[in-house]
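For ligands, and for the atoms within them, numbers begin at 1 and follow the listed sequence. Just so you know, these numbers come straight off a predicted model, no measurement behind them.
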Amino acid sequence: MSPAHAYTVDPKRLEGVTDQPLFKAAGRVADRMGVRAFAIGGHVRDLLLGRPCKDIDIVCEGDGIAFAEAVAKELDAGPVHVFKNFGTAMFTLRQAQGDMEQIEFVGARKESYSRNSRKPEVAPGTISDDQQRRDFTINALAISLNAPDRGQLVDPFNGVEDLRKGIIRTPLGPDVTFSDDPLRMLRAIRFATQLGFFIDVPTFEAIQRNAERLDIISAERIHTELNKIILAPVPSVGFKLLLNSGLLVRFFPEMVDLLGAEEKAGIGHKDNFYHTIQVLDNVAAHSDDLWLRWAAVLHDIAKPRTKRFEPGRGWTFHGHEDKGARMVPGIFRRLKLPLDEKMKFVQKLVALHLRPIALTKEEVTDSAVRRLLFDAGEAIDALMILCKADITSKNEAKKKRYLANYAVVMQKLREVEEKDRVRNFQPPITGEDIMRAFNITPCKAIGDIKTVIKDAILDGKIHNDRQQAWQLMVEEGRKLGLTLSPGMEGPTKA
Ligand code: CTP
């Protein structure tokens, strides 16, 4: 079987690794202390795959904290942060290229490795005890740091073979590995998606069997893995696995509700689950922005709740963009995603996702384009990426038409923005101006005048300029029965 994934595994990439100052120092200290020490886990996996490595994990047969402190001293590094409850310690080190690298130390343990599980186990063990309690064979690879066998790979579960074949498999029976830490079920799917690997059948069947156990895992840990899936090159792979494993429904039932295509009177609608993940892949091909990708995930989330069959018209989803935008905070809150401007950005994109194409249904007027620019503001480029990604029709003629419409809107957007600069619209007249001009205190008239000015600019009746806006303010104030203060006929300095 030829590997479907894009990585080649080359053990030569490990040559010389243990000559790095950190590993050399750790080896020296381990020899002096009479303990065995190893580089282990994701770092070794990524070295073999030639992926950029982030943090480094070092495990020793003995007291991980004392070992970390001794290595930090040897390297003149520090401070060492100790997590007593978990029996781990870490410090940061500056790499040759100047980047900071986190080095985490742990004593080999017999029981579950996970430092995040609810009751961390710290029973000391050997390197092989430790390796068998890790999540996957490809994450259980270790490199010896001690002098006699420095640089030797310790691979009791054929992790290198699994890396070559592109297989995610647990070292022990999967039910045991997953019951140690149910988050690993999600991690299996995350690694399969990031690396383009296949989840071994018994491992996948165990995920299906144990899916409910994900319920004990915190929303933060779940969304960390979910975000990594969303940020993968082809995120739809992960969502299909999440759906088929039974994990998705545990934490994201609204997305599962998108599944299925109903038919009435011979008229069907598209399956919105598969459409959504296709849109996500399309966005992923153009942007690494996590929140834009989230907008793709959520753009049609309210379709099941707004779906109607209207005789003569077929399936409709009226208002799904607004209802969808209103669903975003609830979903973000439950998943403990940030409730700040990132969420607002996602909401905005969901709310506006139909606007660019809807624009083309009528003639594309400057005023409609100006309003879109005004409503989208800085999110306009992201909105246009989402909007283009949303064109997933299999009907080539339809697709061609939509893409042509899209191109027209893009062109208009550029022209109007160049002319009128509404993207970062700042009202040319402030509430302060209005209060001073008519010598009034805060009241409803101020908001009304501001709205008239804004609408006049967006409709192209006046230019986005202080002189013309001032003129309009004076007229509107008079209409409202306000008296202009002396000397306020023309604009004062902004
Ligand atoms: N690990 C585990 N079970 C978990 C989490 C982690 O067995 N639930 C082990 C694995 O050996 C893993 C190592 O701890 O390789 C480090 O974990 P982590 O830093 O979370 O992941 P990485 O494998 O390094 O991958 P990434 O950096 O992509 O998150």
Please report whether ligand 1 has a polar contact with [X], defined as an N or O pair separated by less than 3.5 Å (distance criterion only).
X	value
R184	yes
R190	yes
R51	no
A140	no

If only atom types and distance count, is the side chain of D271 paired as donor or acceptor with the main-chain N or O of L259 below 3.5 Å?
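Side chain of D271 to backbone of L259, a donor-acceptor pair under 3.5 Å: no, none is there.
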
Expected output: side-chain Q152 to main-chain S144 donor-acceptor under 3.5 Å:
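No.
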
Counting only heavy atoms from other residues, nucleotides and ligands, does the tally under 6.0 Å from CZ of R94 exceed 12?
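12 or below, so no.
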
Crowded around K307 NZ? As in, over 12 foreign heavy atoms under 6.0 Å?
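It does: K307 NZ has more than 12 such atoms within range.
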
Enumerate the atoms of ligand 1 whose separation from the nearest heavy atom of G41 is less than 4.0 angstrom.
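Reading through ligand 1 atom by atom, the close ones are 15 (O).
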
Part of [X] within contact of ligand 1 (heavy atoms, under 4.0 Å):
X	answer
R134	both
D181	side chain
F191	side chain

Of all the heavy atoms in [X], does at least one lie under 4.0 Å from an atom in ligand 1?
X	result
D55	no
D57	yes
K228	yes

Can you spot which of F91, F83, F86 makes a ring-ring contact (aromatic ring centres under 6.0 Å, His included) with F105?
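Only match with F105 under ring-ring contact (aromatic ring centres under 6.0 Å, His included): F91.
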
Please report the C-alpha distance between H318 and T306 in whole Å, then the side-chain angles of each, then the deciding distance to 0.1 Å, and finally whether the side-chain hydrogen bond (donor to acceptor under 3.5 Å, both in side chains) criterion is met.
CA-CA 6 Å; H318 289 309; T306 52; over 6 Å; no

If you take the centroid of each ring, where Trp contributes its six-membered ring, are W294 and F345 closer together than 6.0 Å?
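No, they do not, as the ring centres are separated by 6.0 Å or more.
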
Is the ring pair F178/F136 parallel, tilted or perpendicular, if the boundaries are 30 and 60 degrees?
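The arrangement is perpendicular - the two ring planes meet at more than 60°.
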
Evaluating non-hydrogen atoms only, which member of R187, R45, R221, Q131 is closest to atom 12 (C) of ligand 1?
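It is R187 whose heavy atom sits nearest to atom 12 (C) of ligand 1.
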
